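The next block holds one structure in the form of structure tokens; read it before the comments.
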Amino acid sequence: MKNKSFDRFLTLLADKVRDSKYLSEWIIFVMDIIISLISTTIVYYFSLKIFNQQYNRTSFWDVYLLATIGSILFLLLFKTYKGIIRYSALHELWRIVGAMVCRNLSIFLILHYIKANRYEILVIEWLLDFFMGVFLLIAFRTCLVIFYRQLTLNSGKIREKILVYGVDPRSVSIGALLTSTVFDDYLLMGFISPKSSLHNSRISGFEVYQLKDIDKLLEDLNISAVVFPTHDIVRKEQNELVQICLKKKIKMLVTPSIEELGAGKISRGKIKEIQIEDLLDREEIQINLKSIGRWINGKTILISGAAGSIGSELVRQLAKFKVSKLILFDIAESPLHELQLEIQDKFPYLNIECVIGDVRSGYRVDFVFRNYHPNMVFHAAAYKHVPLMEQNPCEAVMVNAQGTRNIADFSVRYDVERFVMISTDKAVNPTNIMGASKRIAEIYVQSLDKAIQEKKMKGITRFSTTRFGNVLGSNGSVIPRFRAQIKAGGPVTVTHPDIIRYFMTIPEACRLVLEAAFIGNGGEIFVFDMGEPVKIADLAKRMIELAGFEPDKDIPIVYTGLRPGEKLYEELLNDEEYTIPTSHKKIMVARVREYEYEEVRKKLNKLIEKSQAVDIQSTVQLMKEMVPEFISNNSIFEIYDEKHSADENT
């Protein structure tokens, strides 16, 4: 009974210590002072013995006073009490060494000045006090780490047995971190390497196993997870290790960056489990952001639609620069709140403002520009789901067209330097309401830029538009839906066996947006090289296979038919458009028909008037008038195309 009570006490204590943020830095500071004074006391009495000197009360208190003042001053100066001791690394010990060197050197110089005849004795005392002080301060920290580790190890908690892939410096660093208290949910069992020459080797006391033995190894060691240093390595191992892990239901994990881990900023729950889409055969586009950083640093930047898939990733990437302020503007309260907490946690010194508001409201948009005066605007706010917008065309116009006009007009009024609109490949030869509404938004900002450059309007704002296809894992995209369907046991639903789409990851899409903003001079519509299009049916089969199942046997694929407004393939350019290269090989500029601002403004006013009145028929007809290439597909609005064609024939 007593043992059970004691075990329960240890478990509660371990949980309390492990979950606590850190020991107060001022407690550490006081303990460091006490330890340094203990060192001085030991050395003082030891010196009396070995040099056969008489105890002198005045002399002792002189030394003690100097030691106290020196300890307080130099421990504060070197900030030895800062940081979380449980995450301390050897490279942090320079603070202790530096503080003790300066402290003891100061004491030595003062005492040597007072008692010039004790030079040899003072040198010995200085060296002894230095080594004793450093030893005791390190020992104190070591004891705290051991105490913390023992509490967590003996808490009765079940820990997952894991292997680390690779023996390169990054893998070894990950192994060292996994044996620390940062990740006490995991128990490192060793490293696994494709190099047979390293068989029977040991790294940091852990066995290095051969990749060819992995099938048997997973069972013998009861491994529940394999940790990979990067996503790229996971993709390279798809034909062997990944397939075995999927087959045996072994989790595949990837760690955060070494820099984050080394800084002690990662909690024990932050190792990310690799998602199915991370394993898709696609090479990410890489962008050098140094020159972009120099251009962005010091700017106040507004991101509309900041809580969405693209907007939130733009916020994360912009937060890495030395921006003056980020203004996060969105109507979605809960997602914006979650993003605010995330950014404040990762970038505590970043100046951010979260503003709840609707891009359709001119008064609210004016408030944001009037109060924050952004230098740059990334306009990502939009309605994007094709079937929903087909059912709600007036709302599509109000958000995608009117919302864009509001943000663009106030950018001009408040002298925004650069405006970047996030558009879509669905705006090219649109077959649905969503694509047409985005094309109208493109036309408006491009005509506005043209009017400013031709001096027909006052303003300094330069407008650019970026078009790209589907992004992997974005809200409402096909991959999260497939993942959920596979998890539920199927079926996986695909609209048509021949439907294809372009894909890129959210981070690379946002990097390309930043690059396009940097190289833009105004008026461009940038299109990105998105690689080869992907057949959605093949994507579904691949995801089923990566989940460890057989398509159409374990999990069926069902074809449901094209949805309203959906087409078999997306285009990045209109048939009459062509592209010219830019300084980045993955970014091109689309040459499109130019429109006069006054003509566009008048038509858009009329379109918005009809949308506000929820006059669906007139709204759609006006959209088709503004975008002549807008031909509805598999939609109730095809009737207006037929009427238009009949009128032309007549």
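Excluded from the calculations below are hydrogen atoms, water molecules and symmetry mates; all remaining heavy atoms, backbone and side chain alike, are included. A quick note: this is a predicted structure, and the numbers were derived from the prediction, not measured.
Of the possible donor and acceptor atoms, none in the side chain of D449 sits under 3.5 Å from a partner among the backbone N and O of R462. Under a 3.5 Å cut-off, the side chain of N297 and the backbone N or O of K322 do form a donor-acceptor pair. Formation of a donor-acceptor pair under 3.5 Å by the D366 side chain with backbone atoms of G362 is not found in this model. Proximity of a side-chain donor or acceptor of N392 to a complementary backbone N or O of E395 within less than 3.5 Å is not detected. Not a single donor-acceptor pair under 3.5 Å links the side chain of T466 to the backbone N or O of V513. Looking only at distances, a side-chain donor or acceptor of H496 sits under 3.5 Å from a matching main-chain atom of D498.
When the options E442, R439, K438 are evaluated for a side chain to side chain donor-acceptor pair (under 3.5 Å) with S423, the one that passes is E442. Under the salt bridge (charged side-chain N to carboxylate O under 4.0 Å, His left out) test applied with K450, the options E598, E596, E524 reduce to a single match, E596. If you run side chain to side chain contact (heavy atoms under 4.5 Å, CB included) between T404 and each of V399, V445, I440, only V445 comes through.
Inter-residue side-chain proximity for F367 and S361 is flagged as unmet; no heavy-atom pair is nearer than 4.5 Å. Between N371 and V355, the closest side-chain pair of non-hydrogen atoms is not below 4.5 Å. At a threshold of 4.5 Å between non-hydrogen side-chain atoms, the residues L514 and L318 count as touching. For the pair I352/K325, no side-chain contact is recorded, criterion being any heavy-atom separation below 4.5 Å from C-beta on. Two residues are said to be in side-chain contact when any heavy atoms from C-beta on lie closer than 4.5 Å; S309 and K384 meet this criterion. You'll find the side chain of S324 stays beyond 4.5 Å of the side chain of N351, heavy atoms only. A heavy-atom distance below 4.5 Å is not found between the side chains of I557 and F482. For the pair M389/N432, no side-chain contact is recorded, criterion being any heavy-atom separation below 4.5 Å from C-beta on.
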With side-chain hydrogen bond (donor to acceptor under 3.5 Å, both in side chains) as the criterion, how do N633 and T431 come out once you've worked through the C-alpha distance, each side chain's angles and the decisive distance to 0.1 Å? CA-CA 5 Å; N633 182 41; T431 60; 5.0 Å; no
Go through S447 and E594 one step at a time and tell me if the side-chain hydrogen bond (donor to acceptor under 3.5 Å, both in side chains) criterion holds. CA-CA 7 Å; S447 68; E594 293 186 340; over 6 Å; no
Apply the test side-chain contact (heavy atoms from CB on, under 4.5 Å) to residues E625 and Q621: give CA-CA distance (whole Å), side-chain angles for both, the deciding distance (0.1 Å), then the verdict. CA-CA 6 Å; E625 181 182 328; Q621 287 175 327; over 6 Å; no
Applying side-chain contact (heavy atoms from CB on, under 4.5 Å), run through Y383 and M434 and close with a yes or a no. CA-CA 7 Å; Y383 280 153; M434 194 282 281; 5.7 Å; no
Taking it one step at a time, do L302 and F369 satisfy side-chain contact (heavy atoms from CB on, under 4.5 Å)? CA-CA 9 Å; L302 167 67; F369 281 85; 3.6 Å; yes
Let me see the working for K606 and L622 under side-chain contact (heavy atoms from CB on, under 4.5 Å), right down to the final yes or no. CA-CA 8 Å; K606 190 175 180 181; L622 284 169; 4.0 Å; yes
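Of the inter-residue distances, the one linking H379 atom NE2 with N406 atom CG reads 9.0 Å to the nearest 0.5 angstrom. Atoms CE and CG, on M623 and L607 in that order, are 6.5 Å from each other to the nearest 0.5 Å. The structure places CD of E609 at 9.5 Å from CG of D615, a figure rounded to the nearest 0.5 Å. To the nearest 0.5 Å, atoms CD1 (I544) and CZ (F549) are separated by 9.5 Å. Interatomic distance, T300 OG1 to N375 CG, rounded to the nearest 0.5 Å: 5.0 Å. Q453 CD to F463 CZ: the interatomic distance, rounded to the nearest 0.5 Å, is 10.5 Å.
For the residue pair N605 and R405, a side-chain donor N or O sits within less than 3.5 Å of a side-chain acceptor on the partner. Using modelled atom types and a 3.5 Å distance limit, the side chains of Q485 and T493 yield a donor-acceptor pair. Y444 and D409 form a side-chain donor-acceptor contact under 3.5 Å, judged by distance and modelled atom types alone.
Taking every heavy atom of both residues into account, G459 and V412 meet most closely at CA-CG1, 4.2 Å. Closest heavy-atom contact between G490 and I555: CA-CG2, 3.8 Å. For the pair M398 and S611, the tightest heavy-atom approach, listed with the atom from each and the gap, is SD-CB, 3.8 Å. Nearest heavy atoms, F637 versus P393: CZ-CG, 4.0 Å. Nearest heavy-atom pair across N634 and L562 is ND2-O, 2.6 Å. A pairwise comparison of heavy atoms in V627 and A436 identifies CG2-O, 4.1 Å as the closest pair.
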All N/O donor-acceptor pairs, side-chain side in residues 326-334, below 3.5 Å, sequence neighbours left out:
residue: D330; atom: OD1; partner: A332; partner atom: N; Å: 2.8
residue: D330; atom: OD2; partner: A306; partner atom: N; Å: 3.2
residue: D330; atom: OD2; partner: A307; partner atom: N; Å: 3.0

Name the atoms and distances for all side-chain donor-acceptor pairs under 3.5 Å in residues 415-422, with sequence neighbours left out.
residue: E417; atom: OE1; partner: K299; partner atom: NZ; Å: 2.9
residue: R418; atom: NH1; partner: A517; partner atom: O; Å: 2.3
residue: R418; atom: NH1; partner: G520; partner atom: O; Å: 3.0
residue: R418; atom: NH2; partner: G520; partner atom: O; Å: 3.2

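The cationic group of K624 does not satisfy the cation-pi geometry with Y640, failing either the under 6.0 Å distance to the six-membered ring centre or the 45° limit from the ring axis.
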